[in-house]
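Worksheet: the structure to be examined is printed underneath.
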Amino acid sequence: MAGERTKEGRNGLKIQRVAEHVPKFLRRGTQHLVVAIWRFYVGVVARTSKVEYDGLEEIKSNRMLGFWHEDSYCMQLLLRELQKRKKSVCVIVTSERRGDYIAEMVSHYGSVPMRLPDGMKMRSFLSDLKEESKKEALSLAAAMDGPSGPYRKPKRLLFMLAHEAKKEIVYVRYEKKGMLTMPWRWDKYRVPLPFSKLKCRMEYFGEIEQSELRNFAEYTERRFGDAD
C-alpha cells in the first residue's frame, strides 16, 4: 500500500509540473469546464436517483461534520441539499491543484472552502483555523482521513478543533449501494450513479472529551471499528 501511494504521489507531482507550464488562463478554463461537467453530473444524479438523508436534522449551525475522503464527491449531493435548505458549511480543502476544482464545486453550492496549506504555512493556518472554528454558528466539515490517508484512519484535526471550540461532531457516511468504486485509489473513491437509490446517514457524536483525544486510537476504534 505504501508503495502504491508513493507511486501515485510521484505521478501526481509529474502532472502538477506539467500543469505549471500551461498558461494560467488555459488551466482556469479547463478547470471551469471540468467543474461544470461535475456539477451537471451531480444534478443528473440528484434528479434521477432517490437520495435519502437519514438524520439531516443533526446538521445544525455550530456543529462540525466528519466524512471519509472516499465520499468527497458524494458530499456534493449533501451540499446541494443544504443549499436548498438555506444552510452552508465551511469545508477544509487541500491546497494542491486538485483542491482548486473541489473549492469551486464547494463554492457553487453556497458553502465556503478553506484551503489547507503545506509546509511552513501550516502552523499559522492552524492557529487561524482554531480561532475561526470557535466562531458562533460556524459549521466546519472535513475528510477525517484526508487529504492522503491512510484509508479510514481518522486524524486528530477535526476532533481537536471540535474539542477546543466546544462544538459537537456529526459523522456523515454513505452506504455502498448505488456507487461506482475506484479500488485502485488509496481512498477507494466513490462516485454516485444515476437512477439508483442512495442513502446518506448523519450520526450524532456529540462533544469530544480531552480523555478521548489522549486515547485517540482507542476512541476511533470504538467509533469507527466496524464502519462500512
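Just so we're clear, the structure is a prediction, and the values are computed from it rather than from any experiment.
Between Val191 and Met182, the closest side-chain pair of non-hydrogen atoms falls below 4.5 Å. Gln210 places a side-chain heavy atom less than 4.5 Å from the side chain of His163. For the pair Asn215/Glu221, no side-chain contact is recorded, criterion being any heavy-atom separation below 4.5 Å from C-beta on. Residues Arg223 and Pro154 form no side-chain contact, since every pair of their non-hydrogen atoms from C-beta on lies 4.5 Å or further apart. Between Val106 and Val112, every side-chain heavy-atom pair lies at or beyond the 4.5 Å cut-off. With contacts defined as side-chain heavy-atom distances shorter than 4.5 Å, the pair Val91/Met75 does not qualify. Under the 4.5 Å side-chain criterion, counting only non-hydrogen atoms from C-beta, Phe67 is not in contact with Leu78. Using a 4.5 Å heavy-atom cutoff, the side chains of Leu82 and Leu56 are in contact.
Of the candidates Tyr151, Tyr171, Tyr174, Trp68 forms a side-chain contact (heavy atoms from CB on, under 4.5 Å) with just one, namely Tyr171.
Across every non-hydrogen atom of Ser72 and Tyr189, the tightest pair is CB-CE1, 4.1 Å. In plain terms, the two heavy atoms of Met64 and Ser133 that are nearest each other are CE-CB, 3.6 Å. The shortest heavy-atom contact between Pro113 and Val93 is CB-CG2, 4.1 Å. Closest approach of Arg80 and Ala46 over heavy atoms only: NH1-CB, 3.2 Å. Listed here is the closest heavy atom pair of Pro192 and Tyr73: CD-CD2, 3.6 Å. Here the closest heavy-atom approach between residue Ser111 and residue Val89 is recorded as CB-O, 3.0 Å.
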Item to check | Audit row: Tyr109, Arg39, side chain to side chain contact (heavy atoms under 4.5 Å, CB included) steps and yes/no | outcome: CA-CA 9 Å; Tyr109 293 116; Arg39 290 202 312 261; 4.2 Å; yes
Next on the checklist: Between Lys130 and Met160, is the side chain to side chain contact (heavy atoms under 4.5 Å, CB included) condition met? List the steps.
Outcome noted: CA-CA 9 Å; Lys130 286 179 182 179; Met160 177 193 68; 3.8 Å; yes
Checklist entry - Where do Val172 and Cys200 land on the side chain to side chain contact (heavy atoms under 4.5 Å, CB included) test, with the steps shown first? => result CA-CA 7 Å; Val172 181; Cys200 176; 3.7 Å; yes
Checklist entry - Taking it one step at a time, do Arg185 and His69 satisfy side chain to side chain contact (heavy atoms under 4.5 Å, CB included)? => result CA-CA 11 Å; Arg185 285 183 45 134; His69 198 275; 4.2 Å; yes
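Put simply, CZ on Arg173 and CZ on Arg152 are 9.0 Å apart, with the number rounded to the nearest 0.5 Å. To the nearest 0.5 Å, the span separating CG on Leu129 from CD1 on Ile92 amounts to 5.0 Å. Distance check, rounded to the nearest 0.5 Å: CD of Gln31 to CH2 of Trp38 gives 8.5 Å. Here CG of Leu180 is found 11.0 Å from CZ of Arg190. Values are rounded to the nearest 0.5 Å. To the nearest 0.5 Å, atom CD of residue Glu52 and atom CG of residue Leu198 are 10.5 Å apart. Atoms CZ and CD1, on Arg156 and Ile208 in that order, are 11.5 Å from each other to the nearest 0.5 Å.
Using a distance-only test at 3.5 Å, with no hydrogens or angles considered, no donor-acceptor pair links the side chain of Lys134 to the main chain of Glu164. Although no hydrogens or angles enter the test, the distance criterion places a donor-acceptor pair under 3.5 Å between the side chain of Ser49 and the main chain of Phe195. The backbone N or O of Ala217 sits less than 3.5 Å from a side-chain atom of Thr220, completing a donor-acceptor pair.
Below 30°, between 30° and 60°, or above 60°: for Tyr219 and Phe205 the angle between ring planes is above 60°, a perpendicular geometry. Ring-plane geometry between Phe159 and Phe224 is classed as perpendicular, the angle between the planes exceeding 60 degrees on a 0 to 90 degree scale with a lower cut at 30.
In summary, Glu70 and Lys176 do not engage in a salt bridge, as defined by a charged side-chain N under 4.0 Å from a carboxylate O. Using a cutoff of 4.0 Å between basic side-chain nitrogens and carboxylate oxygens, Arg201 and Asp54 are scored as salt-bridged.
One hydrophobic cluster holds both Val34 and Tyr41 under the rule that ILVMFWY side chains link at heavy-atom gaps under 4.5 Å.
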N/O donor to acceptor pairs below 3.5 angstrom from side-chain atoms of residues 135-142, sequence neighbours left out:
| from | atom 1 | to | atom 2 | distance (Å) |
| --- | --- | --- | --- | --- |
| Lys135 | NZ | Glu132 | OE1 | 3.3 |
| Lys135 | NZ | Glu132 | OE2 | 3.0 |
| Ser139 | OG | Lys60 | O | 3.2 |
| Ser139 | OG | Asn62 | N | 3.2 |
| Ser139 | OG | Arg63 | O | 3.4 |

